[in-house]
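Read through the structure below, which is laid out as structure tokens, and then see the notes.
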Number of protein chains: 2
Amino acid sequence: MFQEKVPMARQIATKSVVDAVTDDVRARILSGSLTSAAAVTELEIATAYEVARPTAKAAIEKLVGENLLVRGSHKSARVAELGPDAVRDIYQARAYLESGILRRLAASHTVPEAAVAANAEILAVTGAGDLALVEPDLRFHTALVAAVGNERIARMYGSLAGEVRLCMTRVQSLHLLDSAAIHAEHRQILDHLAAGDAEAAASALDSHLATARERLAEALAA
Amino acid sequence: MFQEKVPMARQIATKSVVDAVTDDVRARILSGSLTSAAAVTELEIATAYEVARPTAKAAIEKLVGENLLVRGSHKSARVAELGPDAVRDIYQARAYLESGILRRLAASHTVPEAAVAANAEILAVTGAGDLALVEPDLRFHTALVAAVGNERIARMYGSLAGEVRLCMTRVQSLHLLDSAAIHAEHRQILDHLAAGDAEAAASALDSHLATARERLAEALAA
DNA sequence: TTGAGTATACTTGTCAGACAAACCAGTCCA
DNA sequence: TGGACTGGTTTGTCTGACAAGTATACTCAA
């Protein structure tokens with residue numbers, strides 16, 4: 001293999017035009033700059049980025065595949081709008097995935113280093129922007145998922161995380177999330193992991209997600 | 001809404017050309033007609049179905065999004081080949097998803113009707129082709145997942161099911177799967193569900209998947 | 001004034017053709 | 001024998017175009 005001859009090749013990345021457009025549009029969606037109020041047409045994207053329409057089309061279809069955009073046949077795409085039921089669906093799926101993972105991590109007394117670091121960041125950004133909280137929070141949970149080393153589960157969680165971030169930014173999450181409380185709940189989960197108490201870790205996660213879910217759902221219902 | 005005026009509108013489906021090509025290629029992949037031995041080029045698909053190259057390209061990229069095809073930049077696509085490690089990864093992910101689901105179903109003593117029907121079919125096709133067994137087997141598990149009514153979990157499981165079917169057909173599964181044993185193990189799971197015994201159901205599923213996983217992994221290693 | 005039907009504009013679906021860039025394999029030369 | 005070059009193959013992207021579907025606006029009649 002090539003990697004054996006050059007153990008530490010510098011990683012460079014060349015993005016195709018479609019990928020570049022996709023990434024930027026996705027960032028705009030996740031940041032809340034693009035809402036479900038206005039339609040996202042292929043021509044808009046094409047002119048905005050000065051690319052051909054097929055390129056814009058490919059980018060839109062990629063995002064549709066990620067469930068960030070929705071569109072029907074012969075209709076322009078819109079940002080997927082997440083109602084209370086969708087939020088409950090997403091958080092229920094999260095709970096399924098993460099509770100199983102915590103059970104496994106607890107069995108081997110594994111406390112992922114990356115999760116600890118992400119949790120520390122939550123306190124660090126206290127008082128900063130409201131949206132600054134979302135990133136480390138998601139990174140904490142993603143680190144837990146990544147710790148089991150299962151590629152497909154990580155992929156699945158990634159697709160969920162996109163939708164989670166989407167609805168977190170839609171509700172501007174100003175007063176929904178208290179950084180100190182989140183940090184404490186995360187800390188509790190990590191402690192249970194260190195102690196190897198699977199059930200305690202799972203139930204702590206359940207309540208952690210349940211409160212977030214209900215607050216989000218209520219905010220979206222209004 | 002339109003649906004309130006016409007309560008039972010006939011469901012008709014118009015597939016786009018891209019979707020039609022995608023579906024057919026996917027079927028060829030899952031049936032084993034397309035293997036990872038030969039590359040799948042855009043021009044091949046385009047000429048085979050008498051469509052333009054962009055159409056073929058879109059179909060290929062959809063299947064790449066489903067993880068049935070893989071391809072790097074400027075390289076032709078190939079059917080994803082699943083080694084022993086990939087099989088273990090997939091089955092571990094399945095076990096995560098399904099065990100959590102069984103716990104929930106057992107808590108409400110739910111025995112999905114569709115799962116019972118699918119399990120009956122497994123006995124019905126005994127002695128028929130080897131591949132005939134795969135369909136009802138997957139349908140049994142899919143029915144369990146669908147019973148919880150979570151859209152995102154069902155979606156995730158669907159993407160896994162594609163890969164499962166892929167490696168099941170790659171190993172021609174002649175002597176790997178004994179229909180009577182499978183039926184019995186499924187039956188046991190359903191019984192545990194009816195009794196509301198979550199742990200027993202989950203552990204029965206675990207061993208059910210573990211045997212299938214190891215046999216598949218061994219066969220692929222050879 | 002209101003309703004229905006038509007007409008028009010907008011958007012997407014698909015195609016053809018083209019060129020550049022990247023990859024691959026085979027060949028040639030030192 | 002090893003490296004560089006060169007050709008063919010494949011993909012990435014673009015331009016331009018037309019057909020088909022959707023939604024909106026407009027007109028005309030009741």
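Note that these values count all heavy atoms, side chains included, but never hydrogens, waters or copies made by symmetry. Order of the sequence lines sets the chain letters (A, B, ...), proteins ahead of strands, with each chain counted from 1.
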>> Counting only heavy atoms not in E81(B) (residues, nucleotides, ligands), do more than 12 fall under 6.0 Å from its CD?
In response: no
Distance check needed: [N] [atom2] versus [X] [atom1], whole Å only.
| X | N | atom1 | atom2 | result |
| --- | --- | --- | --- | --- |
| I45(B) | dT11(D) | CD1 | C1' | 14 Å |
| L43(B) | dT9(D) | CG | P | 11 Å |
| E50(A) | dC14(D) | CD | C1' | 14 Å |
| L69(B) | dT11(D) | CG | C1' | 15 Å |
| K57(A) | dC14(D) | NZ | P | 15 Å |
| E42(A) | dT14(C) | CD | C1' | 11 Å |
| E61(A) | dT11(C) | CD | C1' | 14 Å |
| H74(B) | dT13(D) | NE2 | P | 7 Å |

>> Taking R78(A)'s backbone N and O only, do any of them form a donor-acceptor pair with S36(A)'s side chain (distance below 3.5 Å, no angle check)?
In response: no
> How is R53(B) classified with respect to the nucleic acid when contacts are heavy atoms under 4.0 Å: base, sugar-phosphate, or nothing?
Replying inline: base
> When all nucleic acid strands are considered with a 4.0 Å heavy-atom cut-off, which category describes P54(B): base, sugar-phosphate, or nothing?
Replying inline: nothing
Side-chain N or O of [X] less than 4.0 angstrom from OP1 or OP2 on [N]?
| X | N | answer |
| --- | --- | --- |
| K75(B) | dT10(D) | no |
| R71(A) | dG13(C) | yes |
| T41(B) | dT9(D) | no |
| T55(B) | dG13(C) | no |

> Nearest to the side chain of S16(A) - dT12(C), dT13(D), dC15(C)?
Replying inline: dT13(D)
> Should the pair H186(B) and H208(B) be assigned to parallel (<30°), tilted (30 to 60°) or perpendicular (>60°) ring geometry?
Replying inline: perpendicular
> Looking at Y91(A), does the NZ or CZ of R94(A) lie under 6.0 angstrom from its six-membered ring centre and within 45 degrees of the ring axis?
Replying inline: yes
> If you measure only the distance, is there a donor-acceptor pair under 3.5 Å linking the side chains of T110(A) and S108(A)?
Replying inline: yes
